[in-house]
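In what follows, a single structure is set out as structure tokens and then discussed.
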Amino acid sequence: MNELSARIAARRYGERTVLGELRLDLDPGKRVALVGPSGCGKSTLLRILGGLDAPPGSSVLAKGRPLNGPDPTRVSIMFQEPRLLPWLTVEENVSLSAVSPSRDKARAQSLLGDVGLAAWASAFPRQLSGGMAQRVALARALFPSPSLLLLDEPFSAVDAISRERLRALVLERAAARDCAVLLVTHDVDEALGFADRLLVMQSNPGRFVLDHQDVRIRVAAHREELRKEVLAALSSDGIAVR
Amino acid sequence: MKRTRAHVPRARRDGLALGWLLPAATLLVIEALVAGGLVAESSLPPPSRVVSTLMDLAQHDLHRHLIASVMRVLGGFAAGASAAVMVGALVGLNRTAERLLDPTFQALRAIPSLAWVPLMLLWLGIDEAPKLALIALGAFFPVYFTLVSGIRNVDRKLVEVGVANGLGRLGIVRRVLLPAALPSLFTGLRAGLAMAWMFLVAAELIAATRGIGYLLTDGRETGRPDIVLAAIVTLGGLGALSDLVLRTIEHRTLHWRDVYSAPHQAGTGDE
């Protein structure tokens, strides 16, 4: 069974078609990177997969059941910014999705330990650095034990050193939980370093132009060629890409 | 990581000292002018006289007036502010309630609130009821408007975090919208409290036998500017004290806020 199986109808905002008709199936436990230029609809796609948006006529099945609205126990999202609620402690932020936060205290604390912030449980978000806040956001996304973690460029707003550590941490934590990961990014090298499978999107309307299932093997053998192929696919309509 | 008060001092102390300079100099000049016979004591009593009048009042029936005024402000403010919190939360959270109620309140806001005074007297007589109603009315509007706009201006991204984490409508209200609107609410409460004091004076000037506002009228009618000034000083003190109480509660409640605390700008009173 697919981890996630989406049939997405076109998404229009006014006159503009942001996203064309798409099909996407994701395998359990795999890491997928989705690369595309700014404005190609990749964030819109991510929101649809996470149940935050639902174009009429679309269907998203997660673990075989339809996803009607967000269900973090199946699909959890980590945003570009940490988006911690400033009036809650770090621990309360982590257990935001808990039905009874008091019962899940131990779980929140162990997740904070996993991201190296056990000592910060009772701190407030204003006391954290950007990288630390994003680690709390990771713990929050993992808290409901999702089987798919959606990442909307969560590494782009932190400094280079924290970025490497955060990325490694995401991969390690997701692997430890057998959680599939879909990373949205506009950075080709980040995608190549991250993914088992690589999807490239193009804009007007947003659509897949490349889908490599065997990225690990290709990267090991011909990284530079693969990189060029992805860049060519990205720039096919003249949009400059990093 | 923890911001303490300990390292504020020096610049702040200097600022505070600087802030006292103008009022202290003014008082000294007045004192000297009156003592030198340049200004008649009957029109401008010197500060020393005002202080001795205040002491004298304190030994007699100042407490009676104080209690009357404070009770009125507390009662009226509590009624007005809690009504505003209920209606404001309803309007802020519910579009139908907003369409139904908000235009009316926006229209009422255009009326200077003191214009209600004669109507209140006509309707409610001259006892405590119209005074409380007036003070409540004065406190209502600032609290209502800041709460509604506070809820309306909550960061969409934070609401989305709540939704993405599976919070239901009630959960979003309780865990995201209301806490996010708290800073605005406190701003409104403080403005509402200031209005409550203003309306207290208006109410007591018109018809009262007790209260600080009554002292103002009494001083005027008996030709005692020192009593008027003593009442003004008392009102100022009470207003500042009540604001300090509210600010302390605000500070404790909103300790999570990541706010800019202006360095070297002492005396603004906001921290």
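Protein chains get the first letters and strands the later ones, always in sequence-line order, with residue 1 at the start of each.
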Would you find more than 12 non-hydrogen atoms of other residues, nucleotides or ligands less than 6.0 Å from B:R152 atom CZ?
-> yes

Test item: A:R126 and B:R257 side chains (from C-beta on) under 4.5 Å apart, heavy atoms = no

Contacting moiety of A:L52, where chain B heavy atoms sit under 4.5 Å = side chain

Can you find a pair of side-chain heavy atoms, one from B:L158 and one from A:P86, that are under 4.5 Å apart?
-> yes

On a heavy-atom basis, the closest approach of B:K157 and A:R83 is O-NH1, 3.3 Å

State whether the number of non-hydrogen atoms from other residues, nucleotides or ligands found under 6.0 Å of A:I161 atom CD1 is greater than 12.
-> no

Flag the pair B:D258 / A:Q127 as yes when at least one side-chain heavy-atom distance between them is below 4.5 Å, and no otherwise.
-> no

Is any side-chain heavy atom of B:V176 closer than 4.5 Å to a side-chain heavy atom of A:W87?
-> yes

OG of A:S97 to CG of B:L167: how many Å apart, nearest 0.5 Å?
-> 8.0 Å

About how many Å separate CG of A:L85 and CG of B:N165, when rounded to the nearest 0.5 Å?
-> 8.5 Å

Kindly compute the distance separating CH2 (B:W256) from OG1 (A:T89), expressed to the nearest 0.5 Å.
-> 13.5 Å

Let me know if A:F79 has heavy atoms under 4.5 Å from chain B in its side chain, its backbone, both or neither.
-> side chain

What are the two closest non-hydrogen atoms of B:R175 and A:L96, and how far apart are they?
-> NH1-O, 3.4 Å

Can you tell me if CZ on A:R12 sees more than 12 non-hydrogen neighbours from other groups inside 6.0 Å?
-> no

Which region of A:L128, side chain (C-beta onward) or backbone (N, CA, C, O), has a non-hydrogen atom less than 4.5 Å from a non-hydrogen atom of chain B, or is it both or neither?
-> neither

How many angstroms lie between CD in B:E160 and CD1 in A:I77, if you round to the nearest 0.5 Å?
-> 7.0 Å

